[in-house]
Structures are given as structure tokens and as C-alpha cells.
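Worksheet: one structure, shown below.
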Amino acid sequence: MPLVRIDLIEGTSEAYRTKVGEIVYQTLVDVLKVPEHDHFHVITEHPKGGLPFDRNYLGIHRSDACIFFQITLLSGRSVELKQSFYKTLVDRLHEEVKLRKEDAFINLVEVPKENWSFGNGEAQYVTTVS
Amino acid sequence: MPLVRIDLIEGTSEAYRTKVGEIVYQTLVDVLKVPEHDHFHVITEHPKGGLPFDRNYLGIHRSDACIFFQITLLSGRSVELKQSFYKTLVDRLHEEVKLRKEDAFINLVEVPKENWSFGNGEAQYVTTVS
Amino acid sequence: MPLVRIDLIEGTSEAYRTKVGEIVYQTLVDVLKVPEHDHFHVITEHPKGGLPFDRNYLGIHRSDACIFFQITLLSGRSVELKQSFYKTLVDRLHEEVKLRKEDAFINLVEVPKENWSFGNGEAQYVTTVS
């Protein structure tokens, strides 16, 4: 159910962006126990002027490679699980696509199960998840 | 008050996208009783690589025509009303623009009335809706 | 912590859009007491057909210059503070970039402190804000 918005400055390859998305998806599955195949992303490149952000907020030194992840998902995960998700996601992005760990900005938005329809006009989580 | 984000793969006509938006607006009015003329949409086309999604999650077979609808609206609608909204929206999209019913992905985000300003720097729903 | 999405019709200058973003940032700091340097924006221009909105909802006469602001931020501000934010933001946009006061549409989405990671895979507000 997560709807993942990935925003970054233009100039990366499609292969890179695809890989970034796959890492997010797999980490959602592995850490937050999102169902397999629950993969819905919007990946948008922006000219540099369209993605202004502070380079040093909280003492974290960000570069032009910084990626914003805004993930709308089913509510209810614990603080500890969210912390584990952030750490694992950033570790994997660093290992697999060499993203600097400073360059991942993540925000979660949580909504209840009746706020999702995956097709056919049904609220699948109301009827299939109790 | 809904702010509707519509994301889809590029290649459709502007007339098609306009019609899709109008159907969403009218269904919000008819089913969720959103006020008439409360119509604020962001419709974005993406290259195919910018809208990756699973083609079979929950056994629903999606095509490249799949449309993501993320609708931020005033909180408080019942589960039943949301279910009716999904069904009516998808039925109408199918009837009026031939969208396959599998190809509508819908997510609602709910916020309270003081989280909206429709212009002039006022929180109109705080002062005009009790 | 706010993640600010700014959507507007294409045709403005980058300097204008940059200034609009700076005004939003400064007003968040001044009125909502967001930390200084907490500045993360996504500014997107759209063809006119990609930003359909009602020109008269609630009797407010909007023009093609209308800007949508969707701001995801830490929950907890009072209604009065949000009202003050809307008013100050719109007053400043009017004074500093001549935006008509009718042409600012604002929506807030609130999330708890554990829903943010500003880099390094940590949930900084869980550990640094109590």
C-alpha cells in the first residue's frame, strides 16, 4: 500500500532511479513487512531550482544528489520499526547505489486501511485485512 | 477542499486528462458531498520509468494506463462512504473514458478543517464551517 | 521538517519561484517556529491543463497565477497559529512578489516526529526533540 514519491535533481540515469525505487520497495517489504508486490511509485526529476533544500540542516551535509522520499503508508508501525526502516534504507542505498548517507531525506505519512483502493473500485484492505 | 494529485504515464490527450479530472471532481461532489466548485487538481504525466508499479498486486492486472489518484481531503467520512466513492469513481471512469477498472489506484489522506486556506490567507473552514 | 510542495502554472521566472519558496520558508520559521535552515521544497511548474482549479470557489476569484502550497509538517500547531501562518504568508507573498491574495491555496498535512529522517538514516526528532 505504500505510495512512494521520490523527488530528485535531474541528471541521474533511469537505471539509477529504477534501482533506487527497487531498494525502497524491498526495504519496505523486509523491514516494515509491507506485502510483496505492493509497489507503487512516482519518481520525478526536477531541475536544480525545483528542489531547493538546506545543505546543512541539523549538521548533515547534503549534496545535489539528495533524494526526497515521501512515503504514504498504512498507519500503525512502531517508532522502533520506523527507525529500523530509515537505517536499513539508507545503508542499502549507500551500499547498492553509492548514495551518501547524508543525502536521503525521508518522510512518512500514515493513513488507515479504508483509505486505499488498489483497483476495481474496492477498498481491498477493508475486506481482505482485518 | 480536496487537493487531488493525478499521476499517469505520458501519452494520453489533454482532453482525456481533463475529463478524468472532471469525473473525479463530480464524484467527490456526488458521493462524498464535497461542496460544488471545490476543484483543485494537480495532473502530472510521467515517462514510463517515472511511474513504476506492480502489474498484479492483489491479483489485479494493471496496464500502462493505470492512474494514481492521491486525494487530500477533510477528515471524517465513514468507511462505507469511502467504499462508495471508490466504486462510483471507478465505474464512471470505466463508462466515460473506458479506463479499465483495474487501472485506478486511489489513496486518501485526511486532514482537519483548520488545515485549509482557499485564498486571502484565511482558514475558511474554521470560520464558515462549524 | 516541513516538506513543502509548491505547484504552479508554467511561465514564471526561476527567480520568482525561488523567492516564493524563500517566503514560505521564512514564514514557517517566523510564525510556526520551524527551526532555522529546515528548508526542503519541491517546486513544480505545470502546463495550464495540468493545474485545473475553480476560479471562484468560496467567492474567491483566482487567476492563472494561483499557487498551490501543500506543506507536510510536524503535528501540534494550534488553530490560531495556523491562521496566523496563512495570513502572514499571503501578506508577504502579496508584498514581496505581488501575488494576488486570492491566488494562494494552502493545505497542511501533519505527521508525528518519528515520521522524519533528515539524513544518515536516523529519526532525528525522536532522539533530539523530546
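Order of the sequence lines fixes the chain letters, A, B, ..., with proteins taken first and strands second; residue numbering starts at 1 for each chain.
Between A:E110 and C:P112, the shortest heavy-atom distance links the atoms OE1-CG, 4.4 Å. Scanning both residues, A:Y86 and C:G121, for their nearest heavy atoms gives CB-O, 3.4 Å.
The greatest number of non-hydrogen atom pairs below 4.5 Å with chain A, out of C:I43, C:V109, C:V4, is found for C:I43.
Both the backbone and the side chain of A:K87 come within less than 4.5 Å of a heavy atom in chain C. Heavy-atom distances place the side chain of C:V111, and not its backbone, under 4.5 Å from chain A. In this structure, the portion of C:E36 lying under 4.5 Å from any heavy atom of chain A is its backbone and not its side chain. Using a 4.5 Å cut-off between heavy atoms, A:D103 does not touch chain C at all. Looking at A:R100, neither its backbone nor its side chain comes within 4.5 Å of chain C, counting heavy atoms on both sides. Heavy-atom distances place both the backbone and the side chain of A:F105 under 4.5 Å from chain C.
Contact annotation: the side chain of A:L51 approaches that of C:V42 to within less than 4.5 Å [non-hydrogen atoms, C-beta and beyond]. Counting heavy atoms from C-beta outward, C:N120 and A:I60 have side chains that approach closer than 4.5 Å. Side chains of C:T18 and A:P52 form no contact here, defined as non-hydrogen atoms less than 4.5 Å apart.
Distance check: C:E114 CD to A:R77 CZ gives 13.5 Å after rounding to the nearest 0.5 Å. For the atom pair CG (A:N56) and NE2 (C:H39), the distance works out to 13.5 Å, reported to the nearest 0.5 Å. To the nearest 0.5 Å, the span separating CD1 on A:I71 from CG on C:N115 amounts to 10.0 Å. Rounding to the nearest 0.5 Å gives a distance of 3.5 Å between CZ of A:R62 and CZ of C:F40. In this structure, the separation between CG on A:D54 and OH on C:Y25 is 6.5 Å, given to the nearest 0.5 Å. We find the OG1-CG distance between C:T72 and A:L108 to be 11.0 Å, quoted to the nearest 0.5 Å.
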side-chain contact (heavy atoms from CB on, under 4.5 Å) between A:D7 and C:R5, intermediate numbers included: CA-CA 11 Å; A:D7 293 280; C:R5 293 190 184 274; 3.2 Å; yes
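The aromatic rings of A:Y57 and C:Y125 sit perpendicular to each other, their planes meeting at more than 60°, with 30° as the lower class boundary.
More than 12 heavy atoms of other residues, nucleotides or ligands sit less than 6.0 Å from atom NE2 of C:H46.
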